[in-house]
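Here, residue 1 is the first one in the sequence, and each next residue gets the next number. Atoms within a ligand are numbered from 1 in the order they appear, just like the ligands themselves.
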Amino acid sequence: MPKMTPVVRTISEIRSLVAEWKKEGLRVGLVPTMGALHHGHLSLVNAITEHSDRIIVSIFVNPTQFGAHEDLDKYPRQEASDREKLAATPASIVFAPSVEEMYPSGHTTRVTLDGLSEILEGANRIGHFDGVATIVSKLFMQCQPDVAIFGEKDYQQLAVIRQFTRDLDIPVQILGGKLIRESDGLAASSRNAYLSEKERRIAGTFNVILKELVSKAEAGEDLRVLEGEASDALLKAGFTAVDYVSIVHKDTLHEIHEITEEARVVSVARLGDIRLLDNMAIKAP
Ligand code: PAF
C-alpha cells in the first residue's frame with residue numbers, strides 16, 4: 001500500500017484536530033486546492049512549512065466558482081494520487097469534504113466583492129470570484145489557520161483573497177507562492193493535462209511572447225501598443241483566442257499608462273475551450 005497523507009472529510013473533524021493543535025500552541029497553515037496536484041501545489045506546501053507547525057491541504061472542486069458552461073464535470077479528480085504526492089511533503093492532513101458538507105441544502109450566503117472581482121478574469125467569468133471568496137472564507141472559518149498560501153499563477157485571485165481577508169478582518173496571514181513553470185516556461189496548471197500534443201507545443205510560446213513584452217515595456221515602449229503586439233503574436237502562434245493581455249498596477253490591477261513602480265502583465269489565451277493564464281512582473285524603465 002503506498003504511503004498517503006491522512007484525510008478527514010467533515011468540518012467537525014477538522015475543527016477538533018485544529019483545536020488540539022492550538023491547545024499545544026502550534027501554528028496552523030492552510031493550502032487550499034482543488035486537487036489534481038502538480039509541482040506548483042507541492043511548492044506551496046513546501047513554502048508554507050517555515051511559517052507553520054502543522055499544514056492542512058484542502059482538496060475540494062468548488063462548484064460555485066465554475067460557470068454554467070465551464071469544466072466542472074471534467075475537472076480532474078484524483079484524490080488517492082494527490083494524497084500519495086503529499087506523503088512526500090510536510091503536509092499533516094488532507095481536508096477533503098463532500099459538496100454536501102460544504103454546501104448543505106438551504107445554503108444561500110455568498111461573499112461578493114466590488115471592483116477587483118469585476119475586471120479581467122471577473123469580466124470573463126461572471127460570478128467566479130464570488131465563488132472563490134465564498135469557499136475560501138468558509139475554509140478559513142472551518143480550519144482557523146494562522147497562515148494560508150495561494151499561487152501567484154492566479155494573480156488576480158490572490159489579490160481578491162487579500163482584499164476580502166482585509167475587508168472582513170479575518171485574522172489569517174496571506175502568502176503568495178511563486179509561479180512555477182514547466183521546462184519550456186509554461187505556467188504549471190492542472191488544466192495543462194487537457195492539452196493535446198500540438199496544443200501543448202503552442203502553449204509553450206505563451207511565456208516567450210510575454211517575456212518579449214516585459215523586456216520592451218522595461219525599455220519604455222508604449223504599453224497599449226505592446227499589449228496589441230503580444231495579442232497578435234499569440235494568435236499567430238496558434239492560440240484560438242486571446243481574452244486579454246493587460247499591463248496593470250500590481251496591487252489594484254487597474255490599467256496603467258506609465259510604469260512608475262513595479263507593474264504586472266496579466267494574460268489569458270485560449271486553445272479551444274482551454275483557458276491558459278500567465279502573468280509576469282515588469283520593472284519600471
Ligand atoms: O486556486 C484554486 O485552486 C481555487 O480557486 C481555490 C483557491 C482552492 C478555491 O477553490
_Using a 4.0 Å cutoff against the non-hydrogen atoms of Pro32, which atoms of ligand 1 qualify?_
8 (C)

*asked:* Any heavy-atom pair between the side chains of Ile56 and Gln144 that's under 4.5 Å?
replied: no

*asked:* For Phe140 and Phe164, take the angle between the two ring planes, folded into 0 to 90°, and tell me which bin it lands in: parallel under 30, tilted 30 to 60, perpendicular over 60.
replied: tilted

*Identify the closest protein heavy atom to atom 5 (O) of ligand 1: which residue and atom is it, and at what distance?*
Gln157 OE1, 2.7 Å

*Considering heavy atoms of the protein only, find what lies nearest to atom 10 (O) of ligand 1 and give residue, atom and distance to 0.1 Å.*
Gln65 OE1, 2.6 Å

*Is Glu182 salt-bridged to Arg200, going by a charged N under 4.0 Å from an acidic O?*
no

_Students should be able to answer this: which protein heavy-atom is nearest to atom 3 (O) of ligand 1, and at what distance?_
Met34 CG, 3.6 Å

*Does one side chain, of Tyr244 or Asn124, offer a donor that lies under 3.5 Å from an acceptor on the other?*
no

*Side chain or backbone of Ile161 under 4.0 Å from ligand 1, or both, or neither, by non-hydrogen atoms?*
neither

*Provide the number and element of each atom of ligand 1 under 4.0 Å from a heavy atom of Ile135.*
9 (C), 10 (O)

*Just by distance, with hydrogens left out, do Glu13 and Thr10 show a side-chain donor and acceptor under 3.5 Å apart?*
yes

